[in-house]
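By convention in this document, chain letters (A, B, ...) are assigned in the order of the sequence lines, proteins followed by strands, and residues within each chain are numbered from 1. Computed from heavy atoms alone, side chains included, the values below leave out hydrogens, waters and symmetry copies.
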Amino acid sequence: MLELNFLRVNTERVKEGLRVRNFSDEALSIVDDIINLDDRRKATQTELDSLLAERNTLSREIGQLFKSGQKDEAEQKRSRVNDIKEEAASLEEALKAIKTELDEALYQVPNIPHPSVPKGSTENDNEVYKAWAEALPEMGSDALPHWELAQKYNLFDLELGTKITGSGFPLYRGKGARLQRALISFFLDEANRAGYEEILPPLIVNEDSARATGQLPDKEGQMYHIEKDGFYLIPTGEVPITNIFRDEILSEDDFPVKLTGYTPCFRREAGSYGAHVRGLNRVHQFDKVEIVRYEHPDRSYEALEEMLAHVGGLLDKLELPYRILRLCGGDLGFTAALTFDFEVYSAAQQRWLEVSSVSNFETYQSNRMKLRFKDGKSTRLAHTLNGSALALARIFAALLENNQTENGIIIPKALQSYTGFDLID
RNA sequence: GGAGGAGUGGCAGAGCGGUUGAAUGCACCGGUCUUGAAAACCGGCAUGGGUCACACCAUCGGGGGUUCGAAUCCCUCCUCCUCCGCCA
């Protein structure tokens, strides 16, 4: 969430940022509401503190009086303390209510977009940051979409997944399963080469973790919830990996912290069925390699550039045509300040498929997480960033579709040592 | 799953109802000394709220309670350790 102090000092900047996210004038009043709530919080806190201070003083005196046998005076002060306790109790209750209200309001305020984020309301307003320079591949009219290719070559089976679990849980098999495993290894190796430490995290997280990275309360319906234990299945590796440093104070020379991890991701995707979500285009469970960074605020945008280069490099090696979009205010995720999406062109479906999202969250996550670092004498919030490198299901789909030939599906060179075969036929 | 024990500052480890936000040691940072380093000595060293700065308030695994007053007593949850059971 936004830092209260930042919001107080830069009220206009915050409002401008929210306008880029299409907040109406009416909706913008939440900023002033928050400041008012915080004023009330401070006033109540101060009042309570002085009561408690008085109680502490009196209690100390009572102790002395009892020791020296002045019972009457002690009793007198004791009754005064009892009065204070009643007053304090009601103030505490009021304070708690204000804090809850304040937190709820704060949770409703998304991150302030980076100045480069274009205004806009839908994905159509996203800016093409880097277009695909060459001609897009064209396929004959007999080109098959990946779900038909999968059937033809026995690569994955959605009906079986439905039988075992339900719709949207693909079951990969044969060369399909091996291709999936090859992609995971390839992405992890590439991330390792780029200096990211490999993490294999828990796939189920507690409420604190889900809150810290912003999945709660904003996206509660997106996650599978294990009610009995109060846990959530992770919707992305970002959640467990970013939470490694929750409530930690780093020293300045710990930067940059670069982590990577492969995890399955579980998403409920309530209500999304239809033509555009056929096959692997949108599923409840998919595999992903994530890269996560904690950075000094002065260097986080350099880090973002590096991450873009890394993800672009992966797609180059996979020989897939792609473009990079800078998300507009309307499409920007709740917690991000700046996000670049990577889209791969699927020739058979003749559409762009989102395969990666690379974001700088600045201090929005670290404020929730209390992830800080020592900057000389003071303690400051670190910047967090993450990106998919990459999301498997759609990469898998694009590979099948773009590389189909009469003789079978060609595996790109970079992957062949991982798959152990160069053709699916 | 059953029985017992324990959770204190970066770490180790005292405190077990009243100037204890917390002894002591180590680590760390500054200084004196030294050609330099080590040693020795002196000083500093939790987080958050609050303040111009102090004062002050909160925090000794989390939550609740008893008390004029709790790190210290009670309840509850969590985590870790030991033993038994089960098990990839």
Side-chain angles (χ1 to χ4, degrees), chain A residues 1-9 34-103 105-107 200-212 216 226-232 240 243-255 257 264 294 363-382:
Chain A
M1 65 183 105
L2 289 183
E3 292 167 83
L4 248 176
N5 196 45
F6 178 86
L7 188 141
R8 295 189 75 106
V9 175
I34 286 171
I35 292 173
N36 287 334
L37 276 167
D38 191 43
D39 287 339
R40 277 172 60 204
R41 194 211 96 234
K42 278 192 197 181
T44 314
Q45 181 76 259
T46 306
E47 205 180 333
L48 175 63
D49 282 356
S50 61
L51 272 178
L52 292 178
E54 192 185 347
R55 181 203 66 185
N56 289 344
T57 311
L58 285 172
S59 291
R60 232 169 285 144
E61 289 170 4
I62 290 169
Q64 295 300 329
L65 289 170
F66 269 122
K67 262 185 203 163
S68 57
Q70 296 165 271
K71 284 209 170 127
D72 291 349
E73 281 184 48
E75 283 303 333
Q76 218 170 15
K77 298 202 172 189
R78 195 143 80 171
S79 77
R80 168 64 189 141
V81 172
N82 278 325
D83 290 347
I84 290 175
K85 273 167 76 176
E86 270 177 50
E87 279 179 69
S90 75
L91 273 176
E92 249 167 55
E93 209 173 307
L95 185 63
K96 208 170 160 184
I98 292 169
K99 276 185 172 168
T100 305
E101 208 180 328
L102 182 59
D103 276 347
L106 231 29
Y107 276 131
L200 189 64
L203 307 180
I204 294 175
V205 296
N206 60 30
E207 208 175 296
D208 286 346
S209 295
R211 189 172 299 280
L216 289 179
I226 302 170
E227 273 180 52
K228 197 166 178 188
D229 302 288
F231 294 152
Y232 294 87
N243 268 284
I244 291 173
F245 285 85
R246 168 151 53 87
D247 287 321
E248 294 288 331
I249 300 176
L250 302 170
S251 81
E252 207 174 335
D253 44 275
D254 287 329
F255 293 126
V257 178
Y294 314 120
T363 58
Y364 196 88
Q365 286 183 331
S366 56
N367 188 35
R368 280 198 191 175
M369 279 201 292
K370 299 291 169 263
L371 165 55
R372 293 156 294 171
F373 71 99
K374 280 279 177 206
D375 187 20
K377 273 228 145 189
S378 65
T379 309
R380 295 174 62 191
L381 294 170

A.B. asks: Any carboxylate oxygen within less than 4.0 angstrom of a Lys/Arg side-chain nitrogen, looking at Arg380(A) and Asp375(A)?
C.D. replies: yes
A.B. asks: What interatomic distance, in whole Å, is found between C1' of A14(B) and the corresponding atom of G25(B)?
C.D. replies: 11 Å
A.B. asks: On RNA chain B, reading 5' to 3', which nucleotide is the first and which the last to sit with an atom under 4.0 Å from a heavy atom of chain A, could you check?
C.D. replies: G18(B) to G69(B)
A.B. asks: In whole Å, what separates the C1' atom of C52(B) from that of U47(B)?
C.D. replies: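 Nearest-Å result for C52(B) against U47(B) at atom C1': 23 Å.
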A.B. asks: Tell me yes or no: between the side chains of Arg246(A) and Asn243(A), is some donor less than 3.5 Å from an acceptor?
C.D. replies: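 On atom types as modelled, these side chains qualify, holding a pair under 3.5 Å.
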A.B. asks: I want to confirm an ordering. Mapping Gln64(A) and Glu54(A) to their closest nucleotides on RNA chain B, which one lands closer to the 5' end?
C.D. replies: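 Whichever sits nearer the 5' end wins; that is Gln64(A).
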A.B. asks: Using the salt bridge (charged side-chain N to carboxylate O under 4.0 Å, His left out) rule, take Lys96(A) and Glu93(A) through it: C-alpha gap first, then chi angles, then the decisive distance, then the call.
C.D. replies: CA-CA 5 Å; Lys96(A) 208 170 160 184; Glu93(A) 209 173 307; over 6 Å; no
A.B. asks: If we take the C1' atom in both C74(B) and U66(B), what is their distance in whole Å?
C.D. replies: 7 Å
A.B. asks: Under 4.0 Å, heavy atoms only, any strand: does Lys374(A) hit a base, just the sugar-phosphate, or nothing?
C.D. replies: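 Sugar-phosphate contact only.
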A.B. asks: Looking at every strand, decide which applies to Lys370(A) at a 4.0 Å heavy-atom threshold: base, sugar-phosphate, or nothing.
C.D. replies: nothing
A.B. asks: Which whole number of Å gives the distance between the P atom of C29(B) and that of C45(B)?
C.D. replies: 16 Å
A.B. asks: Just checking Arg41(A): base, sugar-phosphate only, or nothing, at a heavy-atom cut-off of under 4.0 Å?
C.D. replies: sugar-phosphate
A.B. asks: Between Ile62(A) and Asp49(A), which residue's closest nucleotide on RNA chain B lies nearer the 5′ terminus?
C.D. replies: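 Result of the comparison: Asp49(A).
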A.B. asks: At 4.0 Å (heavy atoms only), tell me whether Leu48(A) reaches a base, stays on the sugar-phosphate, or touches nothing.
C.D. replies: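 Answer is nothing: Leu48(A) stays at 4.0 Å or more from every strand.
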A.B. asks: Please confirm whether Phe255(A) and Tyr294(A) have ring centers closer than 6.0 angstrom.
C.D. replies: no
A.B. asks: Using atom C1' of each nucleotide, how far apart are U32(B) and A39(B) to the nearest Å?
C.D. replies: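 Pairwise C1' distance, U32(B) against A39(B), rounds to 13 Å.
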A.B. asks: Would you give the length of the straight line joining atom CG of Asp38(A) to atom CD of Glu101(A), rounded to the nearest 0.5 angstrom?
C.D. replies: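 The CD atom of Glu101(A) is 12.5 Å from CG of Asp38(A), to the nearest 0.5 Å.
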A.B. asks: Flag yes if more than 12 heavy atoms outside Asp229(A) fall under 6.0 Å of its CG atom; otherwise flag no.
C.D. replies: yes
A.B. asks: Mind checking the P distance from C60(B) to G43(B)? Whole angstroms is fine.
C.D. replies: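 My reading of the P atoms in C60(B) and G43(B) gives 29 Å.
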A.B. asks: NA contact type, Leu52(A), heavy-atom cut-off 4.0 Å: base, sugar-phosphate, or nothing?
C.D. replies: sugar-phosphate
A.B. asks: How far, in whole Å, is A70(B) from A58(B) if one measures between their C1' atoms?
C.D. replies: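 My reading of the C1' atoms in A58(B) and A70(B) gives 14 Å.
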A.B. asks: G65(B) and C16(B): how far apart are their P atoms, nearest whole angstrom?
C.D. replies: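 It comes out at 26 Å once rounded to the nearest Å.
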A.B. asks: Taking salt bridge (charged side-chain N to carboxylate O under 4.0 Å, His left out) as the cut-off, I'd like each qualifying pair that reaches into residues 42-55 of chain A, sequence neighbours left out, listed once.
C.D. replies: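 For residues 42-55 of chain A: Glu54(A)-Arg80(A).
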A.B. asks: For salt bridge (charged side-chain N to carboxylate O under 4.0 Å, His left out), just list the numbers for Asp39(A) and Arg8(A), CA-CA rounded to whole Å, side-chain angles, deciding distance to a tenth of an Å, and then say yes or no.
C.D. replies: CA-CA 10 Å; Asp39(A) 287 339; Arg8(A) 295 189 75 106; 2.5 Å; yes
A.B. asks: Expected output check: what is the dot-bracket annotation of RNA chain B, where ( ) and [ ] are pairs inside the strand (brackets for crossing ones), | is paired with another strand, and pairs are Watson-Crick or G-U under 3.5 Å?
C.D. replies: ((((((((.[[[..)..(.....]]].(((((.......))))).((((......)))).[[[[[..)....]]]]])))))))....
A.B. asks: Assess the residue pair Thr363(A) and Glu3(A) against the criterion (side-chain contact (heavy atoms from CB on, under 4.5 Å)); give the C-alpha distance rounded to whole Å, side-chain angles, the decisive distance to 0.1 Å, and a yes or no.
C.D. replies: CA-CA 8 Å; Thr363(A) 58; Glu3(A) 292 167 83; 3.2 Å; yes
A.B. asks: Less than 4.0 Å between a side-chain N and a carboxylate O, is that true for Glu61(A) and Lys77(A)?
C.D. replies: yes
